[in-house]
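Naming: A, B, ... by sequence-line order, numbering from 1 per chain.
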2 protein chains.
Amino acid sequence: MDVKTLCLAVLSRRDATGYEIRKQFAEGPFAHFQKASLGAIYPALTKAAEEGLVTVTAEAQDGRPDKKIYSLTPDGAAALHRACQTEPGDDQFRSDLLFLIFFSALQSPDKIARLVDERIAQYEASVANLKSKAETCSGEEPGRDFVRGLGCAIYQAAADYMRQNRADLLEQLRSEARHAAE
Amino acid sequence: MDVKTLCLAVLSRRDATGYEIRKQFAEGPFAHFQKASLGAIYPALTKAAEEGLVTVTAEAQDGRPDKKIYSLTPDGAAALHRACQTEPGDDQFRSDLLFLIFFSALQSPDKIARLVDERIAQYEASVANLKSKAETCSGEEPGRDFVRGLGCAIYQAAADYMRQNRADLLEQLRSEARHAAE
DNA sequence: CGATCAATATGTCGGACCGATATATGGAAC
DNA sequence: GTTCCATATATCGGTCCGACATATTGATCG
């Protein structure tokens, strides 16, 4: 999904500024399965406005730059609808941590231990975050619960696996290090 | 992790051509947590050769272009080691399918059903694939089992969740569609 | 038996995107 | 009182993907 379509999708739920759109990808409901940076969002919104997919309303602010509030037009809604007809690509999982663990011979076991512990904490925080959101806003739009639940299940599985196999991994790394030292 | 570092890492395990490196990211042991395209790998290898991080050996072939076999130099090994000292970034999960489900009001429930079924099959195939590899090549290098196991756990959790919540999601979508039709 | 397709193997190129940076200010923290 | 964070816009260098170009062999298929 390109950033322009992502922006149209966010605007289909409510009007927003570029800054607010980015926040929805950084912390909001999309954070767990899509991302977009400001450096991509602002040009995408400008282009979408040129194409008549969105309208802009400038709101004066003292000191700060004007707030530009974007709204979806009927043309924009149609473009979003069209983009959603294409077949979705594969899900992508990327992890620099797993890369480091794969090449853990190049690391000190203590560093790996710290990194794994930190990642477990991160994943468990994400689970807690999603669960709290599930309580406050369950059942509004169809699909939202499913999406949130899947994120939760994946994070929980990752945290559980790391917790259960942490000791084994470290034991292997330390015995390998002893082996190399001899 | 940039593509140059990724290439050095692959070459630290064994000599390879650019084409073979890509295959390791498409099907090989790295496929589940890192990717790199040919359009990035070839320039990265050329640049790495210029910097003395790898050496090239051209092997003549009839008809086809020469096979260029790359090998890691001591300088390249040092560069890889240095790159591995940086703190890893967050794990990234991206899913166009979840995006479509989030905006499933724009879709026919039947299409969502098909897409979910296909994705379950894909995840279960990945689990089977990883499990078969775990049997044939377990315990060679420390960390490899851990990485494979985590991939397996995540894919299994995603497949299980989708299987268990598929009916609920579809029920919600169909009742919403009926509601809109009235 | 020709046709089309996948795999092998290199490489270029346009366009998309990220991350850093610039600019400007109010409020909170310490 | 200074440092840091949040708000809010925008640009830009560099990186990377996906598509294309090129060339050949072997397989599948009607």
Round to a whole Å and report the spacing from [atom1] of [X] to [atom2] of [N].
X       : N      : atom1 : atom2 : answer
A/Leu38 : D/dC12 : CG    : C1'   : 14 Å
B/Gln92 : D/dC17 : CD    : P     : 14 Å
A/Arg22 : C/dC17 : CZ    : P     : 17 Å
A/Ile69 : D/dA8  : CD1   : C1'   : 12 Å
A/Lys35 : C/dG19 : NZ    : C1'   : 15 Å
B/Met1  : D/dC16 : CE    : C1'   : 16 Å
B/Tyr19 : D/dT24 : OH    : C1'   : 13 Å
B/Asp66 : D/dT24 : CG    : C1'   : 14 Å

Looking at [Y] and [X], is there a salt bridge between them, counting it only when a charged N and a carboxylate O are closer than 4.0 Å?
X        : Y        : answer
A/Asp117 : A/Arg114 : no
B/Asp145 : B/Lys133 : no
A/Lys131 : A/Glu135 : no

Answer with base, sugar-phosphate or nothing: what part of the nucleic acid does A/Lys4 contact at a heavy-atom distance below 4.0 Å?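 Nothing, no heavy atom under 4.0 Å.
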
Choose from [options] the nucleotide whose nearest atom is closest to any side-chain atom of [X].
X       : options               : result
B/Ser37 : D/dA10, D/dC17, C/dT8 : D/dC17
A/Val3  : D/dC16, C/dC18, C/dA9 : C/dC18
B/Lys67 : C/dC17, C/dA9, C/dT10 : C/dA9

Sorted by number, the residues of residues 39-49 of chain B with heavy-atom contact under 4.0 Å to DNA chain C: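 Per residue number, the list reads B/Gly39, B/Tyr42.
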
Return whichever of A/Ala36 or B/Lys68 has its heavy-atom-nearest nucleotide of DNA chain C closer to the 5' end.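 Looking at the nearest nucleotide for each, B/Lys68 comes out on the 5' side.
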
Is the closest side-chain donor-acceptor distance between B/Thr5 and B/Asp2 under 3.5 Å?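 There is such a pair (donor and acceptor under 3.5 Å, judged by atom type) between the side chains of B/Thr5 and B/Asp2.
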
Start with the C-alpha gap between B/Gln164 and B/Asp160, add the side-chain angles, then the distance that decides, and say whether side chain to side chain donor-acceptor pair (under 3.5 Å) holds. CA-CA 6 Å; B/Gln164 280 159 30; B/Asp160 287 350; 5.3 Å; no

Please determine if a side-chain N or O atom of B/Lys23 lies less than 4.0 Å away from the OP1 or OP2 oxygen of C/dT8.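 Indeed, a polar side-chain atom of B/Lys23 lies that close.
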
Would you tell me if any nitrogen or oxygen in the side chain of A/Thr17 comes within less than 4.0 Å of OP1 or OP2 on D/dT7?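 No, because none of the side-chain N or O atoms of A/Thr17 sits under 4.0 Å from OP1 or OP2 of D/dT7.
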
Parallel, tilted or perpendicular: which fits the ring planes of A/Phe102 and B/Phe30, with parallel below 30° and perpendicular above 60°?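 If you compare the ring of A/Phe102 with that of B/Phe30, the planes turn out tilted.
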
Does the separation of the ring centres of A/Tyr155 and A/Tyr123 fall below 6.0 angstrom?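 A/Tyr155 vs A/Tyr123: aromatic centres under 6.0 Å.
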
